[in-house]
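Heads up: the structure comes next, in structure tokens.
The first residue in the sequence is number 1, and the count goes up from there. Heavy atoms only: backbone and side chains are in, while hydrogens, waters and symmetry mates are out.
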Amino acid sequence: METAYLACSRIAGVWVVISSAERLVTLREIRPGGIFDPRVNAMSRTRRGGVAYVLLRNVGTLHYTLLLTRLTAGLVLLLSPAFLMVIGSWPVVAITTLLAGRLVTYGGDDGSDQMLTIMSVAFAVVLPLGLADQRIAKAGLYFVGAQACLAYSAAGIAKLISPDWRSGIAIRGVLSTRTYGLERVAVMV
């Protein structure tokens, strides 16, 4: 069990580090004029002077702090040889993933962010309980494994049956967006 959780932690550590680094690079998108401009998204629905309003006014700083915390926890997951450090890192990853993702993304995260959130919350709950009962530890691994199989199978089947994905139109479209865009690659595709 411990080996399986450490392997999952290493994989998730790579995932958290890459995801956090991507978001740190695109922090400009939560400033005025960006895709996730808080003035457009939620600030307009928030009462001036309230706690939510103050948080939204400082969303860039808060988001930056959460992402650095998440990045640090991801590095611990990736590099720590100590199983107890890994167990202690999962709650940090879970909480910062939930908060950092939901703070600026009102329309929903992409599939990898959703899977990371599910895995982080599941492991943050199951790992401490699993130290006392091996069945709980196994149930956590089976849950995350089943969720990954379901999520990636559904995404693969949807792409397989879609004429746009099979023809390459969809990938060109995705690569042409402001959020996921890679202009040179989009032109090549």
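With sequence neighbours left out, the side-chain contact (heavy atoms from CB on, under 4.5 Å) criterion links L6 to E2, R10, F83, V86.
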Audit row: V17, L71, side-chain contact (heavy atoms from CB on, under 4.5 Å) steps and yes/no: CA-CA 5 Å; V17 168; L71 178 65; 3.9 Å; yes
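In the hydrophobic cluster analysis, where Ile, Leu, Val, Met, Phe, Trp and Tyr join through side-chain heavy atoms closer than 4.5 angstrom, L68 is grouped together with L75. L79 and V14 fall within the same hydrophobic cluster, defined by Ile, Leu, Val, Met, Phe, Trp and Tyr side-chain heavy atoms under 4.5 Å apart, directly or through other members. No chain of hydrophobic side-chain contacts below 4.5 Å, direct or via other Ile, Leu, Val, Met, Phe, Trp or Tyr residues, connects V92 to L78.
The two atoms that bring A12 and M119 nearest to each other are CB-CE, 3.9 Å, heavy atoms only. Among all heavy-atom pairs drawn from I171 and G168, the shortest one is CG2-O, 3.2 Å. In plain terms, the two heavy atoms of G13 and L77 that are nearest each other are CA-CB, 3.8 Å. The nearest pair of heavy atoms linking V93 to G74 is CG2-N, 4.3 Å.
The side-chain hydrogen bond (donor to acceptor under 3.5 Å, both in side chains) analysis of residues 154-173, with sequence neighbours excluded, yields no pairs. Sorted by first then second residue, the ring-ring contact (aromatic ring centres under 6.0 Å, His included) pairs that include residues 112-140, not counting sequence neighbours, are Y5-F123, W90-F123.
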Donor-acceptor pairs under 3.5 angstrom involving side-chain atoms of residues 126-141: please list them, not counting sequence neighbours.
from : atom 1 : to   : atom 2 : distance (Å)
D133 : OD1    : R135 : N      : 3.0
D133 : OD1    : R135 : NE     : 3.2
D133 : OD2    : R135 : NH2    : 3.0

Give every donor-acceptor pair under 3.5 Å between a side-chain atom in residues 145-157 and any protein atom, sequence neighbours left out.
from : atom 1 : to   : atom 2 : distance (Å)
S153 : OG     : C149 : O      : 2.6

